[in-house]
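In what follows, every heavy atom counts, from backbone to side chain, and hydrogens, waters and symmetry copies are set aside. These figures come from a predicted structure and were not determined experimentally. Here is how names work: the chains are called A, B, and so on, in the same order as the sequence lines, proteins then strands, and each is numbered from 1.
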Number of protein chains: 2
Amino acid sequence: MKNTPVTLKAIAQELNISLSTVSRALRGMPEVRADTRAAVHRLAAELDYLPNQLATSLAHSRTKTIGVLMPSLSYHFYSALLNSIEEAAMQAGYSVLVCQANESHLREITNIQNLMRSQVEGFLIALARDTDSYEHIERLTRKNIPLVLFDRYAEGIAASKVVIDNHAAAFNATEHLIANGCQTIGFLAGPPHLLISNQRVAGYQAALARHGLHARPEHLLHCDFTPENAVAQTLKLMSQRPAPDGLLVVSDRIAFPAMYVLRQEGIRIPEDLAIASFNNEPYAALQSPGLTSVSQPIQEMGFETVRLLLKQLNAESEQLPLETKVLQTQLVVRESSLRNGSN
Amino acid sequence: MKNTPVTLKAIAQELNISLSTVSRALRGMPEVRADTRAAVHRLAAELDYLPNQLATSLAHSRTKTIGVLMPSLSYHFYSALLNSIEEAAMQAGYSVLVCQANESHLREITNIQNLMRSQVEGFLIALARDTDSYEHIERLTRKNIPLVLFDRYAEGIAASKVVIDNHAAAFNATEHLIANGCQTIGFLAGPPHLLISNQRVAGYQAALARHGLHARPEHLLHCDFTPENAVAQTLKLMSQRPAPDGLLVVSDRIAFPAMYVLRQEGIRIPEDLAIASFNNEPYAALQSPGLTSVSQPIQEMGFETVRLLLKQLNAESEQLPLETKVLQTQLVVRESSLRNGSN
DNA sequence: CTGTTAGCGCCTTCAG
DNA sequence: CTGAAGGCGCTAACAG
């Protein structure tokens, strides 16, 4: 026997009062007599009543929900970011609907549609690795749907965003390698169309130029973020002549497999090859040697992202000026890039 | 100007036909004339119509959604599991609503409530670390709400579950250490009330007993899964006399920091201390030395979990017999536990 | 083949 | 302070 769902109507009938009175009592509206309110609450508790959120949202035409689109939750960076986003959203009284694109452009598109169908009031998006056109995002902005991009964005999308200064961070990290005696610095980059990767490449190249070092194209290799590919590209890079004595990596996710295979190959870090990377995942500190890495303010990024979205959600006017929040990063220096002889 | 949401009614008015005809046309019901169907589809596409899922679900009293409750998505194991669950659910035409408890009992309770309010049709749950009473879960089973526990379960909950044989896996791993010459084997366990941890402890102790080795209580230490605590407990364990020459760890999440601090301390792996662990996360292979670890069939676990839930969702009778699916694990042997001299 | 009606569970006027 | 009525967007009989 299927127990009939406990609804406002059920409670009302049981108590021989009207449905609307029950609704008011349960929502703590002041104009309900104390004893009927008490009776309602008692019965509701007893029956374990939970409001049907679908119905509430439908009636309100308001879900108090925001959609979050992540490239992949298997990256520690994004799952950590999700935590801060969830917390910030909760504090503001919003729920979060999370989707992962699994780095796929197609999946990103269907995820956005699903979130739209679920009537999310706004979007928080970091682009998937494979996303190389942006009509699905622009469709959102055209409809004036509140949207904030974070971390992985793209140029030309008319949306607010929360990002770091990738160019500057890469510039600094490269200078750090140079200061530690590196003369021939390689770069393991992300996919060629990934903007934040390209910005980091540009910063790296600018630093080389600034210090009169030659940026050799054969020392710039692209990776797709899989460990296998990272290993392969690392080996390829090290087979170039002259071999690099320094290495900047676009992400710890690539740096870890790289360090692994370098150890296998008997290449000493940092003596033969100094390494610096991005994201400063917890595991970077647990490497031997510890991995020098650009730390991103994950907590702040999550909070800022939500803050910018809330601003749009609460805005009176439709056309809010776009904002770009650039967060500060910090190079966390560990042994992987420290050479005794230099600096 | 806020663009009025595009609804069935809007399309119907524009086309001067009835709302239900539009509905039928859009859902591909056969009894609609070809040309009106075409007109409807054209306009819907033009207006970028997306059905309001809240309304659809309300009308159907059916959300085709299952709630997934994870201890934390920052653990690679669980985010990988989520991927396979999402895939299996999608194949069956279900959406997934994910929550993370952040290892908190309280958060787990509120997450369940939120998912109930969202009218999920069933639950997939792995218990949070801090969960040590189960009324919130039993409330679900009492209401006959479809539920499958996976990985982290508890005894006495009347629910189907998908698990591994923790006792056997720990027994095997311990025997493997013994075969590699370990005489004094320590165990870094999880929190004292975590069933799967206790099962692993029992398996470890059984293996020791089987081989006539003494299970010293001072060689069994509990960790809370934070890296800091893992480091502290590792140091504490190694300060015991006699010092262990073998170590079993309840999870790679604890083994990684442990290996790190052991290296810091100049303790050689596996020469001084052979190590084996659980979960076989991708980083286990990237460690130096590679970490021997019990591999769980993540994909299969996700699929089985969904399959058992679907069975309940599609069941005619209310009271389906409970099922427990025990999946096979495999000890992936790497250098961390291999000693040349022994075996 | 199409329109009308009622209803999913809840909220919100508007009367009383 | 309480009840009745209408509506949120959609589906599902029931007529025609």
Side-chain angles (χ1 to χ4, degrees), chain A residues 2-41 43-44 47-65 113-121, chain B residues 2-41 43-44 47-65 113-121:
Chain A
K2 201 121 197 161
N3 32 5
T4 47
V6 18
T7 66
L8 290 186
K9 201 212 280 187
I11 299 184
Q13 289 175 342
E14 183 76 19
L15 256 38
N16 267 316
I17 59 180
S18 91
L19 183 156
S20 20
T21 300
V22 177
S23 168
R24 284 190 274 249
L26 253 19
R27 279 177 301 148
M29 316 235 80
E31 46 332 358
V32 182
R33 213 197 312 147
D35 58 334
T36 85
R37 174 206 309 287
V40 169
H41 273 104
L43 185 55
L47 297 182
D48 213 358
Y49 170 77
L50 278 182
N52 181 330
Q53 188 158 271
L54 303 180
T56 310
S57 295
L58 227 210
H60 277 146
S61 297
R62 196 141 168 27
T63 56
K64 276 279 191 177
T65 298
Q113 285 188 339
N114 289 337
L115 290 173
M116 288 287 294
R117 278 195 262 264
S118 298
Q119 310 298 115
V120 298
E121 300 180 17
Chain B
K2 201 122 198 159
N3 33 5
T4 47
V6 19
T7 65
L8 289 185
K9 200 213 280 189
I11 299 184
Q13 288 175 341
E14 183 77 19
L15 256 37
N16 266 315
I17 58 181
S18 92
L19 185 157
S20 23
T21 301
V22 177
S23 170
R24 284 191 274 251
L26 252 20
R27 278 177 302 149
M29 315 235 80
E31 21 29 312
V32 182
R33 215 198 311 147
D35 57 335
T36 84
R37 173 206 309 287
V40 169
H41 274 104
L43 185 55
L47 297 181
D48 215 357
Y49 170 78
L50 278 182
N52 181 330
Q53 188 159 272
L54 303 181
T56 310
S57 295
L58 228 210
H60 277 145
S61 297
R62 195 142 170 25
T63 56
K64 276 278 191 178
T65 298
Q113 285 189 338
N114 288 338
L115 290 173
M116 288 287 294
R117 278 195 262 266
S118 298
Q119 311 297 118
V120 297
E121 299 179 18

Practice prompt. Evaluate the side-chain proximity of A/L58 to B/N52: yes if any heavy-atom separation is below 4.5 Å, no if none is.
Written response: yes

Worksheet entry | pair B/V22-B/L43: side-chain heavy atoms closer than 4.5 Å | no

Practice prompt. Provide the start and end nucleotides, 5' to 3', of the part of DNA chain C that has atoms under 4.0 Å from heavy atoms of chain B.
Written response: C/dC1 to C/dG9

Response to the item:
Between its two end axes (five pairs each) the helix from C/dC1-D/dG16 to C/dG16-D/dC1 turns, nearest 10 degrees, through 50°

Discussion item. Taking 4.0 Å as the cut-off, does a side-chain nitrogen or oxygen of A/S18 come that near to OP1 or OP2 on D/dG3?
Written reply: yes

[X] versus [Y], closest heavy-atom pair with distance:
| X | Y | answer |
| --- | --- | --- |
| B/T63 | B/Q119 | OG1-O, 2.7 Å |
| A/E31 | A/R24 | OE2-CD, 3.6 Å |
| A/V32 | A/A25 | CG2-N, 3.9 Å |
| A/A12 | A/S18 | CB-C, 3.8 Å |

Practice prompt. Check every strand shown and say whether B/S57 touches a base, only sugar-phosphate, or nothing at a heavy-atom separation below 4.0 Å.
Written response: nothing

Spell out, as yes or no, whether a donor-acceptor pair under 3.5 Å connects the side chain of [X] to the backbone of [Y].
| X | Y | result |
| --- | --- | --- |
| A/S118 | A/V120 | no |
| A/S57 | A/Q53 | yes |
| A/E121 | A/R62 | no |

Fill in: side-chain contact (heavy atoms from CB on, under 4.5 Å) between A/L8 and A/Y49, intermediate numbers included
CA-CA 8 Å; A/L8 290 186; A/Y49 170 77; 3.4 Å; yes

Item to complete: For each nucleotide in nucleotides 8-16 of chain D, reading 5' to 3', give B when a protein heavy atom comes within less than 4.0 Å of its base, S when such contact involves only the sugar-phosphate, and - otherwise.
Response: BBBBBB---

